[in-house]
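Position 1 is the first residue of the sequence, and the numbers go up from there. Hydrogens, waters and symmetry mates are skipped; everything else that's a heavy atom, side chains included, is used. Small disclaimer: the values here were computed from a predicted structure and weren't measured. Counting convention: from 1, in listed order, for ligands and their atoms alike.
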Amino acid sequence: MTTQLIQRDWQSFMDDFQPLALSHQFLLPATLAILIYGLRYAVMAGVVFLMASGGWGRPHANAPVVFDRQRHVRRELVYSALTVMVFGGVNALLFGFGLIDRSLVYCRAASYPIWWFWVSIPVMLILHDSLFYWIHRAMHHRALFATVHRVHHQSVHPTAFAAYSFHPNEAVVEALIVTAIVFVIPVHPMAFLIFQTISTAYNVYGHCGREFYPPGTASHWFGRWLNTSTAHAVHHGQGHFNYGLYFMFWDRWMKTTDSAYR
Ligand SMILES: [Zn+2]
Ligand SMILES: [Zn+2]
């Protein structure tokens, strides 16, 4: 009898707190994602922005003489904050609805050989670059540009804070591109975290308005395959060419490089 009473009370207790449990299920992953993506971005973009402002690296050839940077930075910061919120929302849905359980994410390190942990990181970079190249080109199509990608290109002379300066529509696309990877290959959460940190760093560098690679990188046997801040500055300045993210493979194969890279 007592056991039945306890069971009944426990059931009614759980029923009362059902909305709380549900919000917890969505709120926790959203909060964690916002904290991780937001803090990492704020620190990396902040440091690189200060480095670029302090004259580190070389200016790009298309660097403006006069530039109302403050107004542009304000817009980039607002859209970057929105992007971090969107990333939080995508993670809330992914974890809240249990979709992540259908992915190939593995938490037991012993599930795959240790070499795969390290190899999965460059594999993720190559996959991300490939998906990004083709989806980026699609976003430049007339049908999609205005509603998805124009906000990012409002930064004709981007700063480090342009790295996440996306319209929310594009932020969803960017989040889904990265999410798709864990449904294609087995990924340990720690390897994913390293991959995303490299991704943020490279993205911030690509938009910072300064070049840190040595001169002649575009014609170097190895450097010619790397995307650079110089190449991405041309993309922002001209609105086409150099669609890649980390590499120039697809741009070279598809002949979408600008004249300096040909
Ligand atoms: Zn673009
Ligand atoms: Zn860009």
Side-chain angles (χ1 to χ4, degrees), residues 37 40-41 44-46 48-49 51-52 57 59-64 67 69 71-84 86-87 125 128-178 196 198-213 218 226-252 254-261:
Y37 278 98
R40 179 171 53 196
Y41 180 65
M44 286 185 161
V48 175
F49 180 83
M51 283 168 69
H60 298 314
N62 71 345
F67 180 47
R69 203 163 72 155
R71 190 167 60 89
H72 288 280
V73 170
R74 215 173 303 140
R75 187 197 61 252
E76 289 171 356
L77 283 172
V78 169
Y79 278 111
S80 291
L82 275 175
T83 293
V84 171
V86 169
F87 288 175
L125 290 170
H128 189 198
D129 187 73
S130 303
L131 285 169
F132 180 83
Y133 174 86
W134 288 105
I135 290 168
H136 189 188
R137 279 193 71 176
M139 288 192 295
H140 272 264
H141 189 275
R142 256 198 329 262
L144 294 175
F145 188 79
T147 48
V148 183
H149 196 43
R150 181 183 284 156
V151 164
H152 186 63
H153 275 275
Q154 281 181 308
S155 301
V156 177
H157 300 291
T159 75
F161 293 113
Y164 273 8
S165 179
F166 303 129
H167 185 282
N169 289 340
E170 179 168 355
V172 171
V173 172
E174 300 291 346
L176 293 182
I177 294 175
V178 170
Q196 283 288 269
I198 296 170
S199 178
T200 309
Y202 212 82
N203 206 1
V204 162
Y205 148 71
H207 291 92
C208 76
R210 311 285 290 188
E211 188 52 82
F212 296 91
Y213 278 119
L226 297 174
N227 192 17
T228 62
S229 178
T230 307
H232 200 61
V234 172
H235 179 74
H236 275 265
Q238 302 195 18
H240 46 185
F241 298 132
N242 311 340
Y243 295 93
L245 179 52
Y246 315 108
F247 310 111
M248 298 295 283
F249 295 117
W250 286 108
D251 277 303
R252 288 200 179 282
M254 296 298 127
K255 304 197 187 311
T256 51
T257 52
D258 77 283
S259 55
Y261 272 79

Check your understanding: Residues in salt bridge (Lys or Arg N to Asp or Glu O under 4.0 Å) with Arg71, at least two apart?
Key ->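 Expected list: Asp68.
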Review point. Looking only at heavy atoms, which two atoms of Ser165 and Tyr79 are closest? And how far apart?
Key: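 Heavy-atom minimum between the residues: OG-CB, 3.6 Å.
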Review point. Do His236 and His152 have a side chain donor and acceptor closer than 3.5 Å?
Key: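 Their side chains do contain a donor-acceptor pair, which is all the 3.5 Å distance test asks for.
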Practice item. State whether a side-chain donor-acceptor pair under 3.5 Å links Ser229 with Tyr213. Key: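 No.
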Check your understanding: Any sub-3.5 Å donor-acceptor pair from Thr200's side-chain atoms to Tyr41's backbone N or O?
Key ->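 It does not hold such a pair.
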Practice item. Return yes if some donor-acceptor pair links the side-chain N/O of His149 with the main-chain N/O of Met139 below 3.5 Å, else return no. Key: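 Side chain of His149 to backbone of Met139: no pair is present.
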Practice item. Sort by chain and number the protein N/O/S atoms found under 2.8 Å from the Zn ion (ligand 1). Key: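 For the Zn ion (ligand 1), the protein N, O and S atoms that sit under 2.8 Å away are His136 NE2, His140 NE2, His149 NE2, His153 NE2, His235 NE2.
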